[in-house]
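Report on the structure given below.
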Amino acid sequence: MDKTLVFHTVRESAPGPKWRSLFDYHWPAYEQWYLSEGERERPAYLACYNALRRHMPELVDTYKALCELAGGGDLAARLLSLYRPPPYITGCSQAVLARPSSTVLARNYDYPPELCEGTILYSHWNERRVIAMSDCLWGVLDGLNDRGLAVSLAFGGRKVVGDGFGAPIILRYILEFCDTVPEAAEVLARVPTHMAYNITVADSAGRYITAMIAPDRRASIRRVAVATNHQKKIEWYAHALASETLIRERQLSILVDDEATTEGRLISAFLSPPLFRHDYQRGLGTVYTAVYRPRSGRAQFHWPCKWLDLSFDDFPEERLAIRYGSRHLTTG
């Protein structure tokens, strides 16, 4: 059965009525997800607030403003902290192509389309302007800021769950308060995560890293340009086989190591198998391809049938319906 997701670009500098409208629309689904394991499995508000204040204190004022916009409810405030949320599993491939003249961070987001917000949010909540694909109402799946820093996340392919934050709020924190890869690396080494993720970061100076983070061991931060869904070695064999993580990693490694690879060639590869996947029935199909150019501050979102080209100076608000079938994607 085909599935349709409506992507929409939303521009709102300070938290306001547009964000509140997004909250109202998505809250019923997020409430159900947040309580899926029972309310007692989720931390109390004070634990959430104190964890945020301890690990990401600069983000507290924005958090308070969003909680107030959301109505000031206890459950919403706990969810918005993204502290020890329910576990969730994605696919995803990401790679940095660093050349003397330009740097590109490209990624495929593989996930059930019906569980993706589809919101590309332009905000200016703190000192930096941010364009990002939203998750959990203010978290970030991938995005960039106006200082030339781009980030992207992928599931790390491990079952471990522990004491920490969902990666989307860590990426939000990085884009709101970091300018460079070294600054982002410090955050990724310091802030605890509740699950295993591979976070790729690139900046306008051509620097890049991939941080393999997890709740049960220290972050491994290396100058690696490619990440899929395992950390150093395969630990969850069933997921690795279903997601084809090794095949995708090898394809991307060959591309970025080839000096003849251009930006166009890299993007085309993301739009074709094995990187582009049609396995929507198992929740491992590609929902979108994102391409970030830190030096020029441009963000592109691609589908085989359509693409959006956005920047901090040119960000029209529009809606785009994408229909996901077993063999193809079409615009609605």
Side-chain angles (χ1 to χ4, degrees), residues 90-110 120 131-133 140-155 171 174-175 178-185 188 197-212 220-231 244-277 286-304 307-312:
T90 64
C92 308
S93 310
Q94 53 206 31
V96 176
L97 187 67
R99 297 289 185 258
S101 60
S102 67
T103 300
V104 171
L105 171 59
R107 68 96 105 256
N108 275 1
Y109 184 64
D110 301 343
I120 304 167
I131 295 174
M133 184 67 76
V140 169
L141 296 174
D142 45 77
L144 84 165
N145 66 23
D146 63 359
R147 307 297 174 86
L149 189 68
V151 296
S152 176
L153 68 81
F155 174 57
L171 267 61
I174 288 170
L175 291 182
C178 296
D179 295 343
T180 66
V181 161
E183 291 175 4
L188 291 165
Y197 295 98
N198 299 330
I199 312 298
T200 301
V201 189
D203 66 21
S204 58
R207 292 170 291 205
Y208 60 86
I209 57 158
T210 290
M212 296 182 177
S220 171
I221 301 175
R222 299 182 297 161
R223 191 173 183 270
V224 172
V226 168
T228 52
N229 302 124
H230 60 279
Q231 296 186 331
E244 299 180 323
T245 180
L246 289 173
I247 295 172
R248 291 181 288 115
E249 181 188 49
R250 176 172 173 77
Q251 171 85 351
L252 284 173
S253 297
I254 291 171
L255 281 167
V256 300
D257 289 343
D258 185 350
E259 293 185 359
T261 297
T262 61
E263 293 180 10
R265 181 183 175 193
L266 181 69
I267 295 168
S268 294
F270 272 101
L271 294 171
S272 306
L275 298 178
F276 195 97
R277 312 189 73 228
T286 300
V287 181
Y288 65 88
T289 301
V291 179
Y292 296 103
R293 294 179 168 83
R295 293 189 189 183
S296 61
R298 302 200 73 84
Q300 292 180 327
F301 298 90
H302 293 257
W303 301 266
W307 59 289
L308 296 173
D309 189 1
L310 306 168
S311 72
F312 293 104

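In what follows, residues are counted from 1 in the order of the sequence shown.
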*Do you know which two heavy atoms are closest between Ser204 and Arg295, and how far apart they sit?*
O-NE, 3.0 Å
*Give the intermediate values and the outcome of salt bridge (Lys or Arg N to Asp or Glu O under 4.0 Å) for residues Arg293 and Glu263.*
CA-CA 10 Å; Arg293 294 179 168 83; Glu263 293 180 10; 3.0 Å; yes
*Nearest heavy atoms of Leu188 and Ala211, plus distance in Å*: CD1-CB, 3.7 Å
*Could you grab the distance from atom OG of Ser268 to atom NE2 of His302, nearest 0.5 Å is fine?*
9.0 Å
*Looking at Leu252 and Ala95, what are the two nearest heavy atoms and their distance?*
CD2-CB, 3.9 Å
*Start with the C-alpha distance between Gln300 and Leu308, add both sets of side-chain angles, then the distance that settles side chain to side chain contact (heavy atoms under 4.5 Å, CB included), and finish with yes or no.*
CA-CA 5 Å; Gln300 292 180 327; Leu308 296 173; over 6 Å; no
*asked:* With no hydrogens and no angle check, just 3.5 Å: does a side-chain donor-acceptor pair link Tyr292 and Asp142?
replied: yes
*Among Glu249, Arg248, Glu244, whose side-chain hydrogen bond (donor to acceptor under 3.5 Å, both in side chains) with Asn229 holds?*
Arg248
*asked:* One pair to check against side chain to side chain contact (heavy atoms under 4.5 Å, CB included): Val201 and Leu149. What are the steps and the verdict?
replied: CA-CA 7 Å; Val201 189; Leu149 189 68; 3.6 Å; yes
*Any side-chain heavy atom of Thr210 within less than 4.5 Å of one from Arg222?*
no
*Is any NZ, NE, NH1 or NH2 atom of the basic residue among Arg277 and Asp110 found under 4.0 Å from an Asp or Glu carboxylate oxygen of the other?*
no
*Minimum heavy-atom distance between Pro294 and Leu144, given as atom pair plus value*: CA-CD1, 4.4 Å
*asked:* As a quick check of understanding, evaluate side chain to side chain contact (heavy atoms under 4.5 Å, CB included) for Thr103 and Leu97, giving each step before the final call.
replied: CA-CA 6 Å; Thr103 300; Leu97 187 67; over 6 Å; no
*For the residue pair Asp258 and Arg99, what are the closest heavy atoms and their distance?*
O-NH2, 3.0 Å
_Test applied, ring-ring contact (aromatic ring centres under 6.0 Å, His included); reference residue, Tyr288; option that passes from Tyr109, Trp303, Phe270, Trp307_ = Tyr109
*Atom CG of Leu153 and atom OG1 of Thr90: how far apart are they, to the nearest 0.5 Å?*
6.5 Å
*Within a strict 4.5 Å, meaning less than it, do heavy atoms of the Ile209 and Thr200 side chains meet?*
no
*Less than 4.5 Å apart, any side-chain heavy atom of Thr289 and any of Arg107?*
no
*asked:* A side-chain contact here means heavy atoms from C-beta on lying under 4.5 Å apart; do Tyr208 and Arg223 qualify?
replied: yes
*Is Val104 close to Val96 at the side-chain level, that is, under 4.5 Å between some pair of heavy atoms?*
no
*Are Asp203 and Arg147 within salt-bridge range, i.e. N to O under 4.0 Å?*
no
*Roughly how far apart are Tyr197 OH and Ser152 OG, rounded to 0.5 Å?*
12.5 Å
*Would you please say whether a donor-acceptor pair under 3.5 Å links the side chains of Thr228 and Ser93?*
no
*About how many Å separate CD of Gln94 and CG of Asn198, when rounded to the nearest 0.5 Å?*
7.0 Å
*Check whether any side-chain heavy atom of Ile120 lies under 4.5 Å from a side-chain heavy atom of Leu310, and answer yes or no.*
yes
*Does the side chain of Cys92 reach to within under 4.5 Å of the side chain of Phe155, using non-hydrogen atoms?*
no
*asked:* On a heavy-atom basis, which atom in Leu175 and which in Ala132 lie closest, and how many Å separate them?
replied: CD1-CB, 4.4 Å
*Tell me, do Arg250 and Ile254 make a side-chain contact under 4.5 Å, heavy atoms counted?*
yes
